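Reading through the structure tokens given below for one structure.
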Protein chains: 2
Amino acid sequence: MFETESMDAVFRALAHGGRRKILDLVSAKPGCRVGDVCTHFEMSRIGVLKHINLLEAANLLISEREGRERRLYFNVVPIQTIYERWTTEYSGLWAGRLTRLKYEVESTRNDSANPNTLRDRSHRDTRDNQEQDQ
Amino acid sequence: MFETESMDAVFRALAHGGRRKILDLVSAKPGCRVGDVCTHFEMSRIGVLKHINLLEAANLLISEREGRERRLYFNVVPIQTIYERWTTEYSGLWAGRLTRLKYEVESTRNDSANPNTLRDRSHRDTRDNQEQDQ
DNA sequence: AACATTGGTAACTTAATGGTTACATGTTCC
DNA sequence: GGAACATGTAACCATTAAGTTACCAATGTT
């Protein structure tokens with residue numbers, strides 16, 4: 001719906017705990033180098049390097065060459081974009097209107113006669129492997 | 001750092017465009033059923049089902065049986081948790097203090113004499129395949 | 001010049017994901 | 001009861017992702 005291609009890269013980059021840890025490290029020590037990040041992992045240097053590169057490709061890290069060193073900086077912008085996506089898309093939820101409803105659903109679990117039923121069915125699912133209208 | 005196991009599931013669940021789309025659909029039509037979601041995908045019904053199950057495992061969807069049907073509801077809570085994680089962890093950034101710095105780094109790219117250099121090096125990387133101190 | 005340091009490529013192995021088809025189970029409707 | 005329906009399970013295949021080792025290329029240092 002509101003998906004951009006770059007957003008997908010960001011989401012995928014964030015899907016890895018090690019990479020999130022890298023973001024933590026770099027944001028704690030802006031300007032640190034590849035080797036500095038590596039010291040915090042059991043993994044091989046190349047393993048870490050690939051994660052760093054992936055993060056940079058997603059624009060979550062910015063790197064800057066300085067002689068033989070490579071300085072790393074964390075870039076908040078993509079995460080802010082994601083934040084906007086959720087707050088815009090699910091604005092109602094964040095505003096608290098539906099949030100309360102959800103909490104009720106989660107805790108009580110007995111509003112079995114939910115009025116918000118979907119009845120716009122139009123798919124032909126008979127005997128598996130249907131192809132649907134996009 | 002601030003990682004919980006459940007948070008990892010959430011991040012991984014969000015890493016797939018199709019699953020994010022499912023969240024969009026369900027949050028737009030709370031209480032819709034599995035089949036309803038399927039109509040919006042080219043994929044086979046089972047493919048979609050697995051994504052739905054994964055989302056439920058990550059607690060991003062809540063489902064409720066009603067006869068032979070399964071009603072789906074979006075659960076904001078995990079996303080709120082993630083939001084907290086970022087805003088807490090990178091609070092300085094969101095507060096705008098470091099954010100400005102980052103923007104400068106991104107736009108100008110010539111603060112080559114960054115004072116924030118990390119010099120706590122202590123790893124022995126000589127000839128690859130080092131094991132580091134955790 | 002010689003050598004340690006820092007970073008990067010290339011090629012490969014293994015594990016995880018995304019997706020499929022075929023079959024199974026419980027429900028509603030006649 | 002029996003047909004159509006909604007959902008689910010099992011077994012499997014293809015692709016991608018994660019990580020490894022071995023080697024390469026600059027840059028500093030003495």
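Naming convention: chains lettered A, B, ... in sequence-line order (proteins, then strands); numbering from 1 in each chain. Everything quoted here is computed from the prediction, not taken from an experiment.
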Margin query: Tell me every residue that passes side chain to side chain contact (heavy atoms under 4.5 Å, CB included) with B:A9, counting only those two or more places apart in sequence or in another chain.
Written below: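 For B:A9, the residues satisfying side chain to side chain contact (heavy atoms under 4.5 Å, CB included) (neighbours in sequence not counted) are B:A58.
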Next item on the list: Not counting sequence neighbours, which residues clear side chain to side chain contact (heavy atoms under 4.5 Å, CB included) with A:H51? List them please.
Entry: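 Side chain to side chain contact (heavy atoms under 4.5 Å, CB included) check on A:H51 returns A:H16, A:R19, A:I22, A:M43.
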For the student: nearest non-hydrogen atoms of [X] and [Y], plus distance:
{"X": "A:L72", "Y": "A:V26", "result": "O-CG1, 3.6 Å"}
{"X": "A:R71", "Y": "A:G31", "result": "CD-O, 2.7 Å"}
{"X": "A:P78", "Y": "A:N59", "result": "CG-O, 3.3 Å"}
{"X": "B:A15", "Y": "A:R12", "result": "O-CG, 3.2 Å"}
{"X": "B:L23", "Y": "B:F74", "result": "CD2-CD1, 3.7 Å"}
{"X": "B:D36", "Y": "B:H40", "result": "O-ND1, 3.2 Å"}

Whole-Å distance separating the [atom1] atom of [X] from the [atom2] atom of [N]:
{"X": "A:R65", "N": "C:dT6", "atom1": "CZ", "atom2": "C1'", "value": "8 Å"}
{"X": "B:F41", "N": "C:dG18", "atom1": "CZ", "atom2": "P", "value": "13 Å"}
{"X": "B:R71", "N": "D:dT7", "atom1": "CZ", "atom2": "P", "value": "9 Å"}
{"X": "B:I22", "N": "C:dG18", "atom1": "CD1", "atom2": "P", "value": "11 Å"}
{"X": "A:R33", "N": "C:dT5", "atom1": "CZ", "atom2": "P", "value": "12 Å"}
{"X": "B:D8", "N": "C:dT17", "atom1": "CG", "atom2": "C1'", "value": "14 Å"}
{"X": "B:R12", "N": "D:dA18", "atom1": "CZ", "atom2": "P", "value": "11 Å"}
{"X": "A:L14", "N": "D:dA18", "atom1": "CG", "atom2": "P", "value": "12 Å"}

Could you tell me whether the phosphate oxygens of [N], OP1 or OP2, come under 4.0 Å of any side-chain nitrogen or oxygen in [X]?
{"X": "A:H16", "N": "D:dG19", "value": "yes"}
{"X": "A:R70", "N": "C:dT6", "value": "no"}
{"X": "A:H51", "N": "D:dG19", "value": "yes"}
{"X": "A:S44", "N": "D:dT20", "value": "yes"}

Using nucleotides 27-30 of chain D, report all nitrogen or oxygen pairs with the protein that are shorter than 3.5 Å.
unit_1 : atom_1 : unit_2 : atom_2 : d
D:dT27 : O2     : A:R68  : NH1    : 3.0

Note to self: Taking A:I62's backbone N and O only, do any of them form a donor-acceptor pair with A:N75's side chain (distance below 3.5 Å, no angle check)?
What the structure shows: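 Answer holds: no.
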Notebook entry, point to check: Who passes side chain to side chain donor-acceptor pair (under 3.5 Å) against A:R70, sequence neighbours left out?
Noted result: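 Scan of A:R70 (side chain to side chain donor-acceptor pair (under 3.5 Å), adjacent residues dropped) gives A:N53, A:E56, A:S63.
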Margin query: Same cluster or not: B:M7 versus A:L14, using hydrophobic residues (I, L, V, M, F, W, Y) connected whenever any side-chain heavy atoms lie under 4.5 Å apart?
Written below: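 Same cluster: B:M7 reaches A:L14 through Ile, Leu, Val, Met, Phe, Trp or Tyr contacts under 4.5 Å.
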Notebook entry, point to check: How does protein contact run along nucleotides 9-16 of chain C, one letter per nucleotide 5' to 3', with B for base contact, S for sugar-phosphate only, - for none, heavy atoms under 4.0 Å?
Noted result: BBB-----
Check: What nucleotide among D:dG19, D:dT7, C:dG18 has an atom nearest to a side-chain atom of B:R19?
Finding: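 Minimum distance to the B:R19 side chain belongs to C:dG18.
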Notebook entry, point to check: What do the steps show when you test A:D24 against A:K21 for salt bridge (charged side-chain N to carboxylate O under 4.0 Å, His left out), and what is the final call?
Noted result: CA-CA 5 Å; A:D24 289 338; A:K21 182 177 168 186; over 6 Å; no
Next item on the list: Note down the inter-axis angle between the two ends of the helix from C:dA1-D:dT30 to C:dC30-D:dG1, five pairs each, to the nearest 10°.
Entry: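 Roughly 30° between the end axes, to the nearest 10°.
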